[in-house]
**Student:** 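Structure incoming, see below.
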Amino acid sequence: MHGYVAVRLASLVPILFGVSLLVFSMQHLVPGDIVDIVIGGDQAFGDKNAADRLRRQLNLDRPIVEQYVFWLGSALRGDLGTSFVSGRPVTDEILRRLPVNLELAALAIGFALLLGIPVGTFSAVRSGTWADAAVRFGSVLGYSIPNFWVATLTVLLGSLYFPRMPILQYVPFGADPVRNVTLLAIPSFVLSLTVLPLIVRMTRASVLENLRLDYVRTARAKGLAERRVVFRHVLANSLIAVLNVTGVQVGILIGGLVLTEEIFILPGIGRFLLDSIQKRDFPVITGTTLFLAAAFVCVNLLVDLLHGVLDPRIRR
Amino acid sequence: MTRRRMLWGALAVLLAALWLAPPAVAQKRGGTLVVGNDEDAVGLDPHLSFAFASSNFYEHVYSGLTRFNAKMEIEGDLATSWEVPDNTTYVFRLRKGVRFHNGREMTAEDVRYSIERVRDPRNGSPVRSIYSDVEKVEVIDASTVRLKLSRPNASLLSMMTGRASYVVPREEVEKHGTLQKVAVGTGPFKLVEHVPGDYARFVRHEQYFEPGLPRLDGFTIKVIKDEPSRLAALRRGTVDLTWIKATEIEELARREKTLMSADTPEARHLYVWLNTRAAPFDNVKLRQAVAASLDRREIIEAVLLGRGKLTTAIPPATVPYVLAPEETAGLPFYKQDYAQVKRLLAEAGHPNGFEFTLKTSPHSPDYVPAAQVMQRQLAKAGITLKIEQLEWGTLLKQFRGGAPFQALAFARIWYPDPEGYVFDTLWSKGSINVGKYESAESDRLLIEQRATVDPARRVALWKELQRLWARDVPIIWPYAMRTRFNAWQPHLKGFLPMANASRVYLRQAWIEK
């Protein structure tokens with residue numbers, strides 16, 4: 001078991017190295033750097049030497065390979081560099097925003113599971129009926145609608161028709177826990193809509209598959225009530241597959257759905273990343289992406305371990 | 001008349017007087033506000049920062065020698081008065097007893113230090129060129145500073161107004177290296193907290209020099225990039241004041257009966273630069289043909305939903321230099337005239353029209369729609385416009401790097417003195433004359449206005465230049481629009497929006513609930 005965890009954690013090293021290489025080269029393939037973007041077209045009366053100076057200060061005048069080696073050197077020492085925009089350490093900036101994302105992801109997954117599993121099970125048990133068709137149609141629709149669109153509509157219509165709706169503000173958990181959760185409820189519900197259809201479909205598929213298995217026939221033959229068959233036996237076995245899907249989604253949700261965070265004005269990592277991309281704040285782009293990649297790998301590892309705990313068949 | 005009746009009479013008169021007397025405007029002190037801003041600052045140093053958005057933050061912290069009022073006229077700030085004894089000398093008399101946020105009293109030496117800081121090439125200030133004609137900055141006594149110029153420069157005072165003359169305390173610069181992360185000035189508000197990408201919090205500077213100001217205890221600037229979210233936050237009251245840049249969101253905001261707003265003069269205009277050194281636009285007749293094919297009012301209707309104006313090289317906000325609206329409308333090639341286009345094309349040897357490529361970017365929501373409307377209007381004249389959309393960074397890089405182009409479109413924001421951005425754009429040796437326009441007449445007038453200190457004469461020269469450029473078409477300016485649409489909650493009183501997208505009037509604002 002320990003060996004397994006060690007191997008998985010060791011695999012982080014090549015993954016992070018690969019991600020850093022990819023992100024670093026990609027951001028240099030995109031035209032323009034922070035100096036171009038920030039000076040902009042309007043500040044035309046700036047002088048050209050000043051722009052070159054700024055570039056030199058930020059080491060942007062060095063060859064990309066040199067910049068990368070330099071960056072890698074400090075990254076290995078645990079220093080992800082400082083933001084071009086704020087001049088503050090990238091690591092601090094990420095850690096400061098992390099609680100927002102963790103909370104959002106937890107709430108969103110909570111909503112999705114709470115709604116998704118019952119609906120999926122219902123759909124499977126009633127498979128082939130109109131209700132099942134409606135659920136399937138709804139989940140395809142839900143999966144196809146971009147989340148930022150739902151978020152924009154919620155914000156615009158919400159502010160128009162429900163002016164007291166608790167959105168567009170953020171209070172840290174430590175300052176006022178009740179207000180914090182109230183303010184995050186609607187954004188995380190909107191976020192959960194990205195995961196919900198997947199969970200519904202996965203639950204449905206998995207329950208349907210299990211319903212056809214021999215142990216179900218045995219259970220029914222034993223004279224168990226259908227309700228007990230479904231909830232006690234089928235659902236328990238189906239949830240393992242659901243857990244797998246959920247794990248991957250948690251990784252994605254921690255990154256925040258970048259635009260959704262922006263629309264609800266939540267000070268999380270997604271908004272930070274979006275801003276850094278627009279401003280070509282290279283250390284932040286690299287640092288944040290790296291962090292998210294690491295989080296993704298770790299969450300998946302955690303899910304795999306949990307898998308072992310829940311399913312005796314793969315426990316060694 | 002009995003005594004009693006007289007008494008009643010007197011009382012009635014008194015009551016009437018009380019009733020008729022204008023109620024004293026209760027300018028309440030205290031309270032805090034939230035301001036929604038579309039961008040965060042990129043560095044807070046008023047002398048070194050490159051980003052416009054930074055000014056939305058540091059403008060509350062610093063004061064300069066002079067400042068603009070709501071009508072964009074120059075008034076004293078740290079300077080109580082100034083004299084121009086001859087063409088090349090400016091003397092500023094300073095306010096006494098002004099204190100920095102760190103408690104120290106500001107002196108003439110601080111003014112000298114601050115101007116020298118901008119002038120020092122080692123600091124790489126983006127506004128350094130404003131002082132290129134300044135030879136010497138001298139401290140005469142504790143409250144008098146003198147600038148000696150090497151040659152007359154009529155735009156100096158206007159250009160200095162604002163951040164180039166902001167006074168910073170030397171000890172803070174030396175302690176922190178730069179003022180990019182801290183802000184210590186003499187302005188009405190102190191910056192107490194800045195969380196990058198999220199918000200900045202300001203509180204009243206108790207020793208601010210204008211008596212009784214500021215009235216607010218403080219305010220927070222919250223960064224909200226998304227336009228619909230900014231409007232929603234304003235509707236809900238989580239934000240008290242914000243501006244809107246997207247036209248369709250502005251229309252939504254205008255429909256809100258419970259919000260206050262005020263229109264500022266048009267200060268942003270679209271540039272369609274034509275490369276005057278390369279085919280086809282090295283031929284002035286083809287430039288004129290393009291200009292005469294455009295129906296500018298239709299572009300304004302289609303792209304800006306009618307919220308725009310005709311403009312020359314300098315937009316309507318540039319009072320008093322701008323031409324009267326009627327004259328602008330009657331300028332050569334400002335009316336769509338296909339007969340004239342046909343004649344121009346024939347004279348240029350292209351009777352069947354020609355083709356050119358316009359580079360632009362979807363960066364601002366109006367660029368591509370404007371290009372598409374022009375494309376349709378030009379097609380009717382037999383001129384084929386091909387639109388090449390580039391990513392914003394690429395467009396700017398090409399613009400700066402001098403990449404080859406035929407036509408290039410993006411918008412710019414004006415400066416109260418036209419010299420601020422027009423000189424280098426259209427002077428033959430100007431640093432941002434990307435269309436490589438060269439005209440002896442235009443150069444002569446540009447140089448002459450720079451040395452003309454007599455305001456009326458200078459205005460006349462600028463008007464002449466606008467007419468000249470309308471005929472020569474080095475650049476087409478299809479329209480001018482407001483930089484920002486400001487909207488706020490009705491309980492915010494005394495706030496005046498400004499054409500240069502500045503919120504310094506928060507210093508006199510108050511809350512009345």
Side-chain angles (χ1 to χ4, degrees), chain A residues 30-54 57 83-88 93 96-97 148 151-160 162-165 167-170 259 262-265 267 271-272 274-276 278-281 284, chain B residues 40-43 48-52 121 123-130 159 180-181 194-199 222-226 228-239 252 268 271 363 390-400 410-413 415 420-421 424-425 431-432:
Chain A
V30 176
D33 59 28
I34 185 162
V35 184
D36 286 318
I37 300 290
V38 166
I39 295 179
D42 295 339
Q43 297 271 344
F45 56 93
D47 74 70
K48 272 200 172 128
N49 299 332
D52 290 342
R53 254 186 90 82
L54 188 57
Q57 255 174 35
S83 157
F84 289 167
V85 172
S86 68
R88 302 191 192 193
E93 294 283 288
R96 195 162 54 73
R97 290 170 165 84
F148 67 84
T152 306
L153 277 193
T154 311
V155 163
L156 270 183
L157 297 180
S159 76
L160 201 58
F162 309 99
R164 304 185 69 91
M165 190 159 134
I167 44 166
L168 299 175
Q169 260 178 310
Y170 177 75
L259 290 169
E262 183 70 49
I263 292 162
F264 283 109
I265 329 177
R271 216 172 138 210
F272 188 44
L274 183 69
D275 191 44
S276 67
Q278 283 168 353
K279 294 218 174 83
R280 307 286 192 276
D281 193 344
V284 175
Chain B
D40 194 9
V42 184
L48 306 185
S49 170
F50 279 86
F52 171 76
N123 290 333
S125 168
V127 286
R128 187 170 76 95
S129 55
I130 287 173
M159 298 296 295
Q180 295 284 33
K181 285 186 236 173
H194 180 212
V195 179
D198 197 4
Y199 65 90
K222 180 119 183 87
V223 180
I224 308 173
K225 285 174 154 325
D226 189 58
S229 297
R230 264 205 323 285
L231 174 60
L234 183 66
R235 264 182 194 158
R236 298 195 61 245
T238 50
V239 156
L252 285 178
R268 174 188 190 266
Y271 273 57
H363 172 72
L390 299 170
E391 198 271 337
W392 182 231
T394 316
L395 188 76
L396 286 179
K397 214 179 172 95
Q398 292 199 359
F399 170 72
R400 268 167 225 292
F410 64 83
R412 290 173 80 193
I413 294 178
Y415 195 82
Y421 59 101
D424 273 333
T425 306
S431 59
I432 36 184

**Student:** Enter the distance from A:Leu168:CG to A:Thr154:OG1 here, rounded to the nearest 0.5 Å.
**Tutor:** 10.0 Å

**Student:** If I take atom CZ from residue A:Arg88 and atom NE2 from residue B:His194, how far apart are they, to the nearest 0.5 angstrom?
**Tutor:**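 Result: 7.0 Å between the selected atoms.
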
**Student:** Check whether B:Val239 gets within reach of chain A through its side chain, its backbone, both or neither, counting any heavy atom under 4.5 Å.
**Tutor:** neither

**Student:** Kindly say whether B:Pro196 contributes a backbone atom to a donor-acceptor pair with the side chain of B:Asp40 at under 3.5 angstrom?
**Tutor:**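 The answer is no, because no donor-acceptor pair under 3.5 Å joins these two groups.
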
**Student:** Please rank B:Leu48, B:Thr238, B:Leu395 by heavy-atom pairs under 4.5 Å with chain A and give me the top one.
**Tutor:** B:Thr238

**Student:** Taking A:Ile167's backbone N and O only, do any of them form a donor-acceptor pair with B:Arg236's side chain (distance below 3.5 Å, no angle check)?
**Tutor:**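 Judged by distance alone, yes, a pair lies under 3.5 Å.
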
**Student:** Does any heavy atom of chain B fall under 4.5 Å from the side chain of A:Glu262, the backbone, both, or neither of them?
**Tutor:**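 Both parts, heavy atoms under 4.5 Å.
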
**Student:** With sequence neighbours excluded, tell me which residues meet ring-ring contact (aromatic ring centres under 6.0 Å, His included) with B:Tyr271.
**Tutor:**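 For B:Tyr271 the ring-ring contact (aromatic ring centres under 6.0 Å, His included) partners, ignoring immediate neighbours, are B:His269, B:Trp273, B:Trp477.
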
**Student:** Hey, is A:Glu93 close enough to A:Arg271 for a salt bridge, meaning N to O under 4.0 Å?
**Tutor:**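 No, this pair does not count.
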
**Student:** Contact part of A:Leu274 toward chain B, heavy-atom cut-off under 4.5 Å: side chain, backbone, both or neither?
**Tutor:** neither

**Student:** Measure distances from B:Lys225 to the heavy atoms of chain A and classify the residue's part below 4.5 Å as side chain, backbone, both or neither.
**Tutor:**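 Contact with chain A is through both the backbone and side chain of B:Lys225.
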
**Student:** In terms of heavy-atom pairs under 4.5 Å, which option from A:Thr152, A:Val155, A:Ile265 contacts chain B the most?
**Tutor:** A:Ile265

**Student:** Name the option with the most non-hydrogen atom pairs under 4.5 Å to chain A; the candidates are B:Leu390, B:Asp198, B:Ile224.
**Tutor:** B:Ile224

